[in-house]
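Side chains are part of it too, since the values below use all heavy atoms of this structure and drop only hydrogens, waters and symmetry mates.
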Amino acid sequence: MRIAATLLMGSVLVAAHAFAAPLEAEVVGDEVRITVNGALFTAYKSNEVLKSPYFWPVNGPLSGESVTSETSEPFP
């Protein structure tokens, strides 16, 4: 759980440094919202009710659209 968050944050930090984009993280309720250059990149969601923590959405760098879905449905 913490390893995945650390790896993601490290990747985001490297990417933000490479593009010189401002990176911010803010705790809101049970999640940590990560923004790059003022736009939401992802949110790390975790609480006692969840089976495991997860990131949602994970937005693409150019489109700003989510490349993930928040569902418990199995893949088709």
J.: Taking all heavy atoms of L40 and all of P57, pick out the closest pair and write down the distance.
T.: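 For L40 and P57, the tightest heavy-atom pair comes out as CD2-CG, 4.0 Å.
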
J.: Let me see the working for F41 and V58 under side chain to side chain contact (heavy atoms under 4.5 Å, CB included), right down to the final yes or no.
T.: CA-CA 6 Å; F41 169 66; V58 178; 4.3 Å; yes

J.: Group every Ile, Leu, Val, Met, Phe, Trp and Tyr by side-chain heavy-atom contacts under 4.5 Å, then state whether Y44 and V28 land in the same group.
T.: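 No, Y44 and V28 fall in different hydrophobic clusters.
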
J.: Output yes when a side-chain donor or acceptor of S66 lies under 3.5 Å from a complementary backbone atom of N59, and no otherwise.
T.: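 Not a single qualifying donor-acceptor pair exists.
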
J.: With rounding to the nearest 0.5 Å, note down the distance linking CH2 in W56 to OG1 in T42.
T.: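 Output value for this atom pair is 10.0 Å.
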
J.: Does anything in residues 49-72 pair up under salt bridge (Lys or Arg N to Asp or Glu O under 4.0 Å), and if so which pairs, sequence neighbours excluded?
T.: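 Matches after skipping sequence neighbours: K45-E70.
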
